[in-house]
Amino acid sequence: MLLGRPNAGKSTLLNALLKSKLSIVSPKPQTTRHRILGILDGDGFQACLVDTPGLIENPKDPLQNCLRRQAMGAAHEDPDVMVLVVEPTAPTEALLREFSALNRTGKPVLLVLNKADLPGDHDRVLQAYADAVKPAAAFKVSALKKEGVAGLLKKIVELLPASPPFYEPGQYTDRYERFFAAEIVREAVCDLYCEEIPHATAVVIERFREVPDAPDQIHAVLYVERETQKGIVIGKGGKALRKLQDQAHQGIVDFLGRPADLELWVKVRKNWRKDPRSLKEFGYLP
Ligand code: GDP
Ligand code: MG
């Protein structure tokens with residue numbers, strides 16, 4: 001299970017461990033809204049990797065509250081190994097206190113200093129975290145450059161208890177392709193628009209139909225909170241929306257490895273982030 005502050009590089013690391021793109025990655029914090037389960041079948045082992053939304057310090061709205069609950073709840077779900085991902089910048093006392101609670105679960109913690117490709121006093125930062133967390137082992141990696149990842153994976157596998165495989169070998173993930181289609185659209189939104197839009201956006205796949213000998217038909221609705229946001233998403237003469245559509249379409253085809261048609265609609269759902277019914281409908285609440 002991967003834990004850490006938003007933007008530490010958890011999703012990037014998950015993808016590096018899985019050697020393919022599964023979780024969505026974005027320079028804007030809080031991109032990962034759902035926990036994503038990736039399954040890695042190796043030589044004589046199976047590892048189920050769970051990405052969590054980052055631990056948000058002061059949740060500001062009901063959506064952030066859900067995310068924080070999901071992330072914290074994950075630590076109580078009895079993972080075999082916890083992988084704590086941190087950045088190469090000096091931690092605050094408060095953060096060290098929060099992370100030191102992790103070893104009370106009695107499960108091994110692997111400390112991962114990510115972004116080791118960036119400049120900084122990596123050894124000192126790693127030591128500060130290690131003093132608080134008392135990890136079973138510590139690693140310096142660059143998830144982005146896929147450096148140091150093999151050593152980490154080896155250690156994870158060592159720490160896994162012997163048990164029969166949980167999932168059918170070869171099963172890639174327990175989430176449906178439609179879920180990834182939605183995440184890919186949201187990733188494109190994070191990429192193409194400024195801060196306000198990504199935070200106010202939810203994507204729902206209303207239809208995902210596999211058609212024999214023809215492209216999949218995917219029908220996505222992008223919900224924003226206000227008319228003005230809808231205007232921004234669509235842009236002058238629909239230009240921005242076309243760009244979004246192109247990028248999302250390409251991402252989905254790459255992910256599926258087969259042709260697909262993507263239809264994209266923009267709708268307004270007033271203040272959905274504060275509305276329990278919408279949060280439920282969009283999959284953020286059980
Ligand atoms: P998460 O919020 O912890 O899941 O973080 P993400 O995986 O979404 O990554 C956040 C940002 O950090 C993205 O812009 C990544 O490209 C960047 N990033 C992740 N890993 C590395 C790394 O090893 N080196 C550098 N320089 N950037 C990284
Ligand atoms: Mg993430």
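Heavy atoms only: backbone and side chains are in, while hydrogens, waters and symmetry mates are out. Both counts, for ligands and for their atoms, begin at 1 and track the order of listing. A quick note: this is a predicted structure, and the numbers were derived from the prediction, not measured.
Near Gly9, with a cut-off below 4.0 Å to any heavy atom, the atoms of ligand 1 are 1 (P), 3 (O), 5 (O), 6 (P), 7 (O), 9 (O), 19 (C). Every atom of ligand 1 is numbered from 1 in the order shown, and the set under 4.0 Å from a heavy atom of Leu118 is 26 (N). Heavy-atom proximity to Thr12, at under 4.0 Å, picks out these atoms of ligand 1: 6 (P), 7 (O), 9 (O), 15 (C), 19 (C), 20 (N).
The existence of a salt bridge linking Arg226 and Glu196 is confirmed by a sub-4.0 Å separation between a basic side-chain nitrogen and an acidic carboxylate oxygen.
Shown here are the salt bridge (Lys or Arg N to Asp or Glu O under 4.0 Å) partners of Glu281, two or more places apart in sequence or in another chain: Arg269.
In terms of heavy-atom proximity, Arg273 sits nearest to His199 at NH1-O, 3.1 Å. Across every non-hydrogen atom of Gly4 and Phe99, the tightest pair is CA-CZ, 4.5 Å.
Geometrically, ligand 1 and Ala116 share no nitrogen or oxygen pair separated by less than 3.5 Å. Where the criterion is an N or O separation shorter than 3.5 Å, residue side chain and backbone included, Lys145 fails it with respect to ligand 1.
Ring pair Phe282/Trp272 is perpendicular by interplanar angle, where above 60° counts as perpendicular and below 30° as parallel.
Note on ligand 1: Gly4 sits outside its first shell, no heavy atom being nearer than 4.0 Å.
Counting heavy atoms under 4.0 Å from ligand 1, residue Asp117 touches it through the side chain alone.
For atom 22 (C) of ligand 1, the nearest non-hydrogen atom from the set Leu13, Val149, Leu144, Leu113 belongs to Leu144.
Every pair passing salt bridge (charged side-chain N to carboxylate O under 4.0 Å, His left out) that includes a residue from residues 211-220 is listed here, sequence neighbours excluded: Asp216-Arg258.
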